[in-house]
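In what follows, a single structure is set out as structure tokens and then discussed.
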Amino acid sequence: MNCGEETCVTCSDEAVAVTVVRLLDAGLALADTGRGREVVSVALVDVRPGDVVLVHAKEAIAVVPGGLESGEWRRS
């Protein structure tokens, strides 16, 4: 697999915190990554715009209650 990046998000087994900007159709959301905006799946979590979620391979896997300041997160 050639990902074209320094670290492949799928292979690295790493989740990235992003902020949900807007909910879209079909279980998708527009998310702010801090480096730009991307469409990610939020089908596995219950989110609203403004929520911070952990995303792995473009799939939100957990919601960070209280945003990034809390340092705690939960699986949905």
Side-chain angles (χ1 to χ4, degrees):
M1 173 183 280
N2 183 3
C3 298
E5 299 280 334
E6 186 175 311
T7 302
C8 174
V9 68
T10 301
C11 302
S12 69
D13 197 28
E14 179 178 330
V16 177
V18 302
T19 303
V20 175
V21 175
R22 183 178 60 199
L23 296 177
L24 306 172
D25 291 333
L28 300 174
L30 182 63
D32 183 349
T33 68
R35 296 172 68 187
R37 292 187 172 184
E38 292 186 30
V39 174
V40 298
S41 171
V42 291
L44 301 178
V45 294
D46 183 24
V47 296
R48 296 182 305 257
D51 285 348
V52 175
V53 295
L54 296 178
V55 173
H56 174 67
K58 296 205 180 239
E59 183 73 51
I61 58 173
V63 178
V64 180
L68 295 175
E69 294 78 29
S70 70
E72 298 176 20
W73 60 276
R74 67 173 165 83
R75 293 187 185 274
S76 294

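Since the model is a prediction, treat every value here as computed from it, not as a measurement.
The side chain to side chain contact (heavy atoms under 4.5 Å, CB included) test with T19 is passed by exactly one of D51, V52, V64: V52.
Every residue two or more places apart in sequence or in another chain that forms a side-chain contact (heavy atoms from CB on, under 4.5 Å) with V42 is listed here: L23, A29, V40, V45, V47, A60. Residues passing the side-chain contact (heavy atoms from CB on, under 4.5 Å) test with L28, sequence neighbours excluded: L24, V39, S41. By the salt bridge (Lys or Arg N to Asp or Glu O under 4.0 Å) test, E38 is found to be paired with K58, residues two or more places apart in sequence or in another chain being considered.
Pairing each heavy atom of L54 with each of A15, the nearest pair is CB-CB, 4.0 Å. Considering every non-hydrogen atom in both H56 and I61, the closest pair reads CB-CD1, 4.2 Å.
Counting heavy atoms from C-beta on, the side chains of V20 and V53 come closer than 4.5 Å.
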